[in-house]
Amino acid sequence: MADVDITAWRGASELFVPLADGVCATTAVGEALRRLVRERVSQPFRAEVDLALELPPVVPASVATTSGYVASFPHLLGAVRSFSGTRRDHLPLLEAVERGDDWGASLAATDVVLVPAACHGLYAVHAGATVSSMTAEVSARCFRHEPAVDPTRLQSFHMLEFVALGTAAHAQGFADVGVDRAAGALRALGLRPEPEVAHDPFFGVGAAMLVAEQEAKNVKTELVVGGPNGPYAVASVNRHGAHFGESFAIGAGDGVAHSACVAFGIERVMLAIAVAASADDASASLIDEARRFARSAS
Amino acid sequence: MKEEARQQIRRVLVESALLEDAATVGDDENLFHAGLSSLTMVRLLLELEATYGVEFPDETMTRERLHSIDAIAEIVASLVALEP
């Protein structure tokens with residue numbers, strides 16, 4: 001297993017320390033920058049946020065089945081397993097570990113999974129309820145099982161989402177201005193995002209059909225920036241329609257709740273800032289601010 | 001073969017409760033118009049792949065190609081015919 005390779009990402013070594021495929025620790029400067037990024041990209045949305053949620057790293061497994069994540073993205077899901085055997089079962093576990101064998105067979109599924117997407121927590125909180133149209137800020141450390149040496153594909157990363165939940169008009173209106181607002185927030189950090197029609201990475205036999213449908217319906221728009229390994233998305237705007245409202249039995253107005261979200265991949269934004277800092281004053285001053293904050297906090 | 005595939009598709013639709021009108025929907029009727037979602041179609045295709053030991057190629061994965069029981073049975077029959 002090779003570690004994440006950040007050598008081509010100028011300035012990234014000040015922010016991240018590779019641990020394994022798709023896994024990085026964050027330095028003090030990186031942590032300070034993460035907070036700054038969160039604060040800055042929130043600005044265009046802050047005035048309308050009715051509810052702010054910080055999710056723990058896990059959610060009930062039922063959230064992942066209800067949302068459809070298990071059905072559509074089983075290859076990305078991380079389910080938490082633990083040892084729940086007896087004293088008699090302990091020995092086979094120890095022996096497997098000592099032999100260097102697969103010891104996962106000694107573990108059993110728990111009732112929690114690692115958070116796959118921040119906004120799912122919002123729907124779980126309102127499951128079965130009727131809501132007034134709202135905008136929520138939801139932050140989570142998410143997990144996606146896609147180990148890679150490319151630092152834009154971390155397995156564990158921070159996702160910050162602004163989510164409109166309510167009537168169809170509310171969700172639609174939010175998504176319609178979402179691309180411009182998110183792009184504006186990213187430009188203020190010194191980045192040059194370009195919108196692109198995109199799709200989710202569905203698994204299995206129907207993937208091609210689901211991808212074509214998403215693209216035809218303009219469900220997902222990504223904001224893409226250039227990087228040493230090619231273009232990559234730092235944010236996305238997603239129109240869910242009534243999918244989550246139906247799945248979680250959330251009502252709004254006279255019918256089922258609709259939703260839409262603007263999602264930022266915080267570590268990806270940080271990588272982009274690190275690269276841009278050599279040529280852009282806004283990015284460079286953000287890194288400087290993060291350095292000052294890290295020094296004053298130590 | 002095609003007739004057997006038709007019956008199997010309808011059996012899966014009914015027994016797995018994938019479509020409310022599964023027992024009465026016409027062989028040439030559009031399943032998506034009848035209320036079948038894309039994800040439910042995926043469920044049906046997985047059942048058929050397991051039953052017949054075939055894999056639906058990506059180029060068949062469109063709502064147009066998979067629109068009816070007839071259309072799906074046609075694909076299944078052609079895939080089974082290709083099996084060694």
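Naming convention: chains lettered A, B, ... in sequence-line order (proteins, then strands); numbering from 1 in each chain.
Here CE of Met209(A) is found 8.0 Å from CG of Leu39(B). Values are rounded to the nearest 0.5 Å.
For Gly206(A) against Val42(B), the heavy-atom pair with the smallest separation is CA-CG2, 3.6 Å.
When the shell of 6.0 Å around CD of Glu146(A) is examined, it contains more than 12 heavy atoms from other residues, nucleotides or ligands.
Within residues 220-239 of chain A, no residue has any heavy atom under 4.5 Å from a heavy atom of chain B. Scanning residues 49-56 of chain B against chain A with a 4.5 Å heavy-atom cutoff picks out Glu49(B), Phe56(B), ordered by number. Residues of residues 73-81 of chain A having a heavy atom under 4.5 Å from any heavy atom of chain B: none. Listed in order of number, the residues of residues 103-125 of chain A that approach chain B to under 4.5 Å between heavy atoms amount to none.
Only the backbone of Thr62(B) comes within contact range of chain A, with at least one heavy atom under 4.5 Å from a heavy atom of that chain.
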